[in-house]
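Read the structure below first, then the notes.
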Protein chains: 2
Amino acid sequence: MEEFLASYNPRLYAPVAVTVDVVALTVRDRRLHVLIVERGVEPYAGSWALPGGFIKPDEDLAEAAVRELAEETGLDTRPAHIEQLASYGAPARDPRMRVVSISYLAFAPDLPDPRAGSDAAAAVWHPVDDLPPLAFDHGRILAEGVERARAKLEYTPLATAFAGDTFTVSELRLIYESVWGTPLHAGNFHRKVLSVPGFVEGTGETTESGGVRGGPRAKLYRAGDARLLHPALLRPSREEEIR
Amino acid sequence: MEEFLASYNPRLYAPVAVTVDVVALTVRDRRLHVLIVERGVEPYAGSWALPGGFIKPDEDLAEAAVRELAEETGLDTRPAHIEQLASYGAPARDPRMRVVSISYLAFAPDLPDPRAGSDAAAAVWHPVDDLPPLAFDHGRILAEGVERARAKLEYTPLATAFAGDTFTVSELRLIYESVWGTPLHAGNFHRKVLSVPGFVEGTGETTESGGVRGGPRAKLYRAGDARLLHPALLRPSREEEIR
DNA sequence: CCAATAGTGTCTGTGAGACATTATGTT
DNA sequence: AACATAATGTCTCACAGACACTATTGG
């Protein structure tokens, strides 16, 4: 083994760089938003892109994703949820050299506006349904992130990661409607959410006042201990995606 | 941009190598099997591991996965299905240097025994529920691949990727039972499979003879054009995995 | 004949979705 | 008073799962 290590020379392999890119999502003003940055350095300086960058020598991949997100956007709050999305390694996806990118998907509650950090000229939350062209293959990465997020709301209680510590059933429904882009039936949604074991648990509290246009005070809930929703909360049927 | 490329020096970054590892699954003798190889070179020479290796300069990631699978196992048949699984980049997961591995999940019908190829001392199909320790973090990668496969059979028609061009409903049921490790109700499964639009389509043919222990000739089907099963074919409830 | 298998029929319980209703708040 | 919203009730249809049953083959 020692002799092998001595004879092994990494420089014999073509150099490859590894980056992480983050699809950070939130719900603002009833629309799904993604965090994008304006690149301050080449390549693609001036273009919008997902936050991300090269991994550091002694850092795990998920750590790098959290670090890059904080560095480029000035957000000091860790996202409520982060998971690996996919990897992209087409030989010419980066003009500098061979770059393999590991993408991460993050969910955050509605946070303050970000500020541009290292290597970024600007950082903003932008609605996902009205995006500028993105650098590299980030448009495709984002699309896969959004689709993964939509699917995950069906099977997992992760919608609560977009909400604050406590929330009403109506707020939770607005999150689902915003992420899926579909109106849901308020009454059926209400009954369904409360019937899935471990999805939410009551706090005993209610909102301070009724809604802006009236109505009774809503009960407040927090996230329950379920990791999977059973039965699942399925999107209205999407016949077109089946074939 | 040109000036940037001139000033950029990849050697300034710590060297990272990128590998692909493949979790290739098949169903043999009513049990789920995975393709593993006995490593012929250090590190972990003599240990069992997933087939895989370093990517080449002008090769996309999925291409590398298919190539490594063929090279190390002598199988010339492309798997019926291959998809990206996840990436692993813990700093010390490989003793040689920083190695980031992209894992792929492949489904194949029951193929001939593999033969050891480059860098491999042996290559075999091995039942997944009775495995030797695997090199690196391959045990974890395999576990995630098996779980992904089990989940995918619920929502997609990929079980047909384990079967031949044509198959009977009973053969399809045996695939589900083998992958999930659960007996299924033959009658209900039969009705369910035929009722999901696009899952299978009849060929008009039947088997040449009845089963080895009797029974009528079964109708033959081939894979249909659905990409998703709707409604899904859910596993018997797994309460323990919900919390 | 017996046993195993292919395929279908029937019943029940659960849950999704449409719709209605009551209560409680704001403007 | 008018209206929006929270929360619950009711009905119907689809479907999963249990069970029964017939038909067809091999041993």
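Chain A is the first sequence line, chain B the second, and so forth, proteins listed ahead of strands; every chain is numbered from 1.
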Is the number of heavy atoms from other residues, nucleotides or ligands under 6.0 Å of B:Asp165 CG greater than 12?
no
Starting from [atom2] on [N], measure out to [atom1] on [X] and report it in whole angstrom.
X	N	atom1	atom2	answer
B:Glu177	C:dT5	CD	P	11 Å
B:Leu184	C:dT5	CG	P	15 Å
B:Leu234	C:dT14	CG	C1'	13 Å
A:His230	D:dA16	NE2	P	12 Å
B:Glu208	D:dT25	CD	P	13 Å

Between CG of A:Leu105 and CG of A:Asp21, what distance do you get to the nearest 0.5 Å?
13.0 Å
Check [Y] with [X], please: is the shortest side-chain N to carboxylate O separation under 4.0 Å?
X	Y	result
B:Arg67	B:Glu63	no
A:Glu154	A:Arg235	yes
B:Glu144	B:Arg140	yes

Treat primed atoms plus P, OP1 and OP2 as sugar-phosphate and everything else as base, then score nucleotides 3-11 of chain D 5' to 3': B for base contact with protein heavy atoms under 4.0 Å, S for sugar-phosphate contact only, - for none.
-BBSSBBB-
Parallel, tilted or perpendicular: which describes the rings of B:Phe199 and B:Tyr176, with under 30° parallel and over 60° perpendicular?
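Rings of B:Phe199 and B:Tyr176: perpendicular, over 60°.
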